[in-house]
2 protein chains.
Amino acid sequence: MKEVTLKQIAENLGISITTVSKALKDYKDVSKATKAAVKAEAKRLNFTPNAFAVNLRTKESKTVGLIIPEVVHHFFSSVINGIIDKAEKNGYLVIILQSNESYELEKKQIDLLISKRVDGIMISMANTTVEVDHLNHIRDLNIPLVMFDKISKLVPCSKVVINDRAAAYSATKHLIDSGCRRIAHFRGALLPQNSIDRFLGYKKAIEDHGLVFDPELIYICENVDYDDGRSAAQKLIKDGHKIDGLFAITDMAAAGAINVFKEHNIAVPQEISVMGFSNWFLSQAITPALSTVDQPGYEMGKKSFKLLHKEMRAKREDREFLPVTKVLETKIIKRESTN
Amino acid sequence: MKEVTLKQIAENLGISITTVSKALKDYKDVSKATKAAVKAEAKRLNFTPNAFAVNLRTKESKTVGLIIPEVVHHFFSSVINGIIDKAEKNGYLVIILQSNESYELEKKQIDLLISKRVDGIMISMANTTVEVDHLNHIRDLNIPLVMFDKISKLVPCSKVVINDRAAAYSATKHLIDSGCRRIAHFRGALLPQNSIDRFLGYKKAIEDHGLVFDPELIYICENVDYDDGRSAAQKLIKDGHKIDGLFAITDMAAAGAINVFKEHNIAVPQEISVMGFSNWFLSQAITPALSTVDQPGYEMGKKSFKLLHKEMRAKREDREFLPVTKVLETKIIKRESTN
DNA sequence: TCCATACCCGAAATCGTTTTCGGTATTCGT
DNA sequence: ACGAATACCGAAAACGATTTCGGGTATGGA
């Protein structure tokens with residue numbers, strides 16, 4: 001059960017290690033005959049080059065790192081999917097790490113990836129991350145870096161995002177266009193940029209269309225999940241606000257709200273129209289099916305790796321690379337929860 | 001922007017590479033003074049050992065591979081979560097690859113992981129995989145292997161599963177206990193073992209409780225998703241079968257069926273009770289909330305890595321390791337779709 | 001004074017591959 | 001038949017860390 005190495009093959013064939021190596025890589029200074037013999041023997045012994053040795057020499061690991069807040073999340077798992085697909089096609093492996101929305105862990109994970117000498121890193125920031133020194137450190141080490149979804153303007157690197165503000169604007173506009181005049185918003189926590197942006201998009205749409213922005217109609221869903229949606233909706237009803245539209249920051253929160261409305265015999269969309277955000281598969285399964293904003297996770301993953309790949313290639317060939325920011329299109333998916 | 005190596009530190013301090021290496025690893029034949037100096041310098045220069053060089057010597061990569069059919073799947077992403085958490089705590093990194101339910105790809109991915117010299121492999125088989133030579137090959141190379149969820153009895157390795165048959169039995173029994181007498185089953189494709197097992201569990205429960213098994217009440221949901229659930233339910237209604245219970249192979253299929261029932265003004269659970277399987281977050285968000293079987297993905301992930309870790313340790317210490325099979329508990333979650 | 005015993009340190013081999021650089025042997029042109 | 005071009009091969013030096021095996025110095029005891 002010995003490892004099979006170049007040396008092994010060389011001895012079997014009575015030639016040098018050098019020649020074996022070159023034969024396998026189709027160097028032109030090896031005769032056809034030797035090449036054939038080497039390749040045959042390599043196949044026979046089931047030779048696979050020792051990746052460590054190769055990496056040690058070439059300084060390339062053909063491995064990239066990915067850090068996301070959490071894996072169990074429809075959006076992020078779509079992103080992962082896109083990244084893995086694209087990476088694999090280009091001969092790269094993906095190491096996935098979670099930050100669990102923790103700044104400290106995020107730092108640790110980055111160090112881990114660096115110590116593993118990954119060829120590049122893709123990251124979506126944790127909500128609690130405010131400092132970005134650890135990210136700039138990646139750049140300092142000249143390691144290609146791409147940020148997606150949750151990014152920071154303070155890090156000069158390639159980015160792939162959606163325009164949260166514009167998307168939220170469209171979503172709100174869709175509610176207004178369908179006749180809503182008093183629209184509540186369930187927003188996320190105060191810090192995360194996308195939470196802020198979606199709120200701002202909502203606000204701007206309200207103001208642009210001659211409606212009044214009422215801070216009382218803004219409720220915070222800390223974890224943007226189903227239960228948060230329920231609580232917010234209950235509070236909204238208890239507060240006695242009469243609304244005819246709701247824009248929730250996620251589909252889960254929207255689903256929670258809809259269920260509370262049902263419990264109070266409030267018809268959706270007849271009395272209240274509801275918009276979600278993300279287009280998780282959940283949104284088509286609930287009743288009424290949820291109108292929402294499609295957030296292209298798979299595309300984002302693909303695009304992120306593409307940019308990273310470009311940068312890694314540039315680095316290898318010692319070319320200059322200028323970071324680019326790619327804004328992906330979102331689109332309104334109209335289902336039954338809006339008119 | 002030079003890489004900082006042991007050599008670098010050695011030169012700066014005017015000592016040998018050997019001593020630096022030993023100082024960093026707290027060998028006892030290095031004086032306290034030198035150790036301190038070395039560590040200080042290492043920290044100052046931000047030294048991280050070159051993983052490739054280390055691996056090349058030690059033959060350990062501290063990396064494990066994970067192959068699953070698809071990432072975008074609530075169950076599998078839970079498993080991933082469990083694995084990553086546990087792996088990280090033990091200093092291991094996880095490389096995730098998808099088989100996309102394809103046998104060919106699965107083989108390719110395994111070769112990839114082997115060539116990367118991962119310390120161990122965890123896998124949930126693709127539906128289309130029938131041959132298991134590629135899996136036994138892993139064993140032949142003496143690489144620790146753990147199979148979970150979708151396993152093969154033909155591979156002698158550790159396994160983590162749930163008892164699909166028993167779980168399906170309980171689910172069906174739950175329907176029977178709540179008064180159902182004519183229960184349909186939406187099953188998965190014919191090949192996958194879990195599809196077979198759940199069907200058998202359903203059948204046995206029917207027969208054990210004095211009901212008659214009617215093959216006409218079995219419908220196949222090839223992709224076990226929402227749309228499949230809808231189609232099957234539509235066909236069921238068109239076929240004119242009068243049923244009072246339905247056990248669907250997944251929550252998604254159950255959700256699809258429920259929506260079709262709603263469209264036909266069939267009350268759930270008053271006229272038809274519905275059981276799903278898996279307890280995805282979807283199941284609490286639909287109306288009526290779905291009764292289902294909780295499938296402990298996170299636990300399965302944790303347990304899988306645990307077993308792998310045990311086997312890797314045994315290998316390192318050259319101890320014997322006997323494969324074990326761990327069957328995880330499932331439990332019935334009663335919500336509103338059953339009485 | 002001499003030897004034994006700690007106590008520190010370093011030279012060198014090793015892991016498996018890549019790549020440079022030079023050395024034969026063969027072929028070709030004239 | 002002779003010099004030059006061509007084809008083919010291999011020795012050896014990397015890459016960066018780990019580890020074995022000794023060797024040197026100081027200290028202690030006799």
Side-chain angles (χ1 to χ4, degrees), chain A residues 1-39 41-42 45-63 91 114-119 141 316-318, chain B residues 1-39 41-42 45-63 91 114-119 141 316:
Chain A
M1 199 41 44
K2 282 293 300 156
E3 286 280 346
V4 28
T5 66
L6 290 186
K7 190 172 167 191
Q8 181 69 242
I9 299 178
E11 280 171 5
N12 288 7
L13 264 44
I15 57 179
S16 79
I17 295 178
T18 308
T19 306
V20 175
S21 172
K22 289 200 279 199
L24 289 174
K25 315 193 81 201
D26 271 327
Y27 272 53
K28 58 214 156 311
D29 64 346
V30 176
S31 72
K32 286 213 181 291
T34 342
K35 273 185 192 168
V38 168
K39 285 179 180 166
E41 185 69 2
L45 297 182
N46 221 317
F47 169 77
T48 40
N50 184 313
F52 305 146
V54 176
N55 298 340
L56 181 56
R57 275 283 314 198
T58 64
K59 303 195 163 300
E60 273 204 336
S61 63
K62 286 289 178 182
T63 303
I114 292 176
S115 80
K116 276 287 171 181
R117 301 301 206 263
V118 291
D119 294 341
L141 294 174
R316 183 173 356 145
E317 296 163 8
D318 221 32
Chain B
M1 200 39 46
K2 282 292 300 152
E3 285 281 346
V4 27
T5 67
L6 289 187
K7 190 172 166 192
Q8 182 67 242
I9 299 179
E11 280 172 5
N12 287 6
L13 262 46
I15 58 178
S16 80
I17 295 178
T18 308
T19 307
V20 175
S21 172
K22 290 201 278 200
L24 289 174
K25 313 194 82 202
D26 271 328
Y27 272 53
K28 56 210 158 311
D29 63 345
V30 177
S31 72
K32 286 212 181 291
T34 356
K35 272 185 193 168
V38 168
K39 283 179 182 167
E41 185 68 3
L45 297 182
N46 221 318
F47 169 77
T48 40
N50 184 313
F52 305 145
V54 176
N55 297 340
L56 182 57
R57 276 282 312 201
T58 64
K59 312 222 164 273
E60 274 203 337
S61 63
K62 287 288 180 180
T63 303
I114 292 176
S115 80
K116 275 287 172 179
R117 298 308 204 258
V118 292
D119 294 341
L141 294 174
R316 187 175 354 151

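Since the structure is predicted, the reported quantities are computational estimates derived from the model, not experimental observations. Residue numbering restarts at 1 for every chain, and letters A, B, ... go by the order of the sequence lines.
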Kindly list each side-chain donor-acceptor pair under 3.5 angstrom involving residues 46-57 of chain B, sequence neighbours excluded, with atom names and distances?
| from | atom 1 | to | atom 2 | distance (Å) |
| --- | --- | --- | --- | --- |
| B:Asn50 | OD1 | B:Phe52 | N | 2.8 |
| B:Asn50 | OD1 | B:Ala53 | N | 3.2 |
| B:Asn55 | ND2 | B:Ala51 | O | 3.0 |

Quiz prompt | Any side-chain heavy-atom pair of A:Thr34 and A:Ile15 under 4.5 Å | solution = yes

Practice problem: Output all residues satisfying side-chain contact (heavy atoms from CB on, under 4.5 Å) with B:Ile17, sequence neighbours left out; order by chain, then residue number. | Solution: B:Leu6, B:Lys7, B:Ala10

Quiz item: How about B:Asn12 and B:Leu45: do any of their side-chain heavy atoms sit closer than 4.5 Å?
Solution: yes

Quiz item: Taking five pairs at each end of the helix from C:dT1-D:dA30 to C:dT30-D:dA1, what angle separates the two helix axes (nearest 10°)?
Solution: 50°

Quiz item: Do you know which two heavy atoms are closest between B:Gln8 and B:Glu3, and how far apart they sit?
Solution: NE2-O, 4.5 Å

Exercise. Kindly determine whether B:Leu141 and B:Ile114 satisfy side-chain contact (heavy atoms from CB on, under 4.5 Å), including the steps that lead there.
Key: CA-CA 9 Å; B:Leu141 294 174; B:Ile114 292 176; 3.7 Å; yes

Quiz prompt | Least distance between heavy atoms, B:Val30 atom then B:Lys35 atom | solution = O-CE, 3.5 Å

Quiz item: Quick one: are A:Glu41 and A:Val20 in side-chain contact, heavy atoms under 4.5 Å?
Solution: no

Quiz item: B:Lys39 and B:Ala23: which non-hydrogen atoms are nearest, and at how many Å?
Solution: CE-O, 3.8 Å

Exercise. List the protein contact pattern of nucleotides 11-17 of chain C with one symbol per nucleotide (5' to 3'): B for base contact, S for sugar-phosphate-only contact, - for none; contact means a heavy-atom distance under 4.0 Å.
Key: BBBBBBB

Practice problem: Go through DNA chain D in 5' to 3' direction and return only the first and the last nucleotide with some atom under 4.0 Å of chain A's heavy atoms. | Solution: D:dC8 to D:dG16

Quiz prompt | Non-neighbouring partners of B:Lys59 that pass side-chain contact (heavy atoms from CB on, under 4.5 Å), sequence neighbours left out | solution = none

Practice problem: Spell out yes or no: do the side chain of B:Asp29 and the base of C:dC9 have one donor N/O and one acceptor N/O closer than 3.5 Å? | Solution: yes

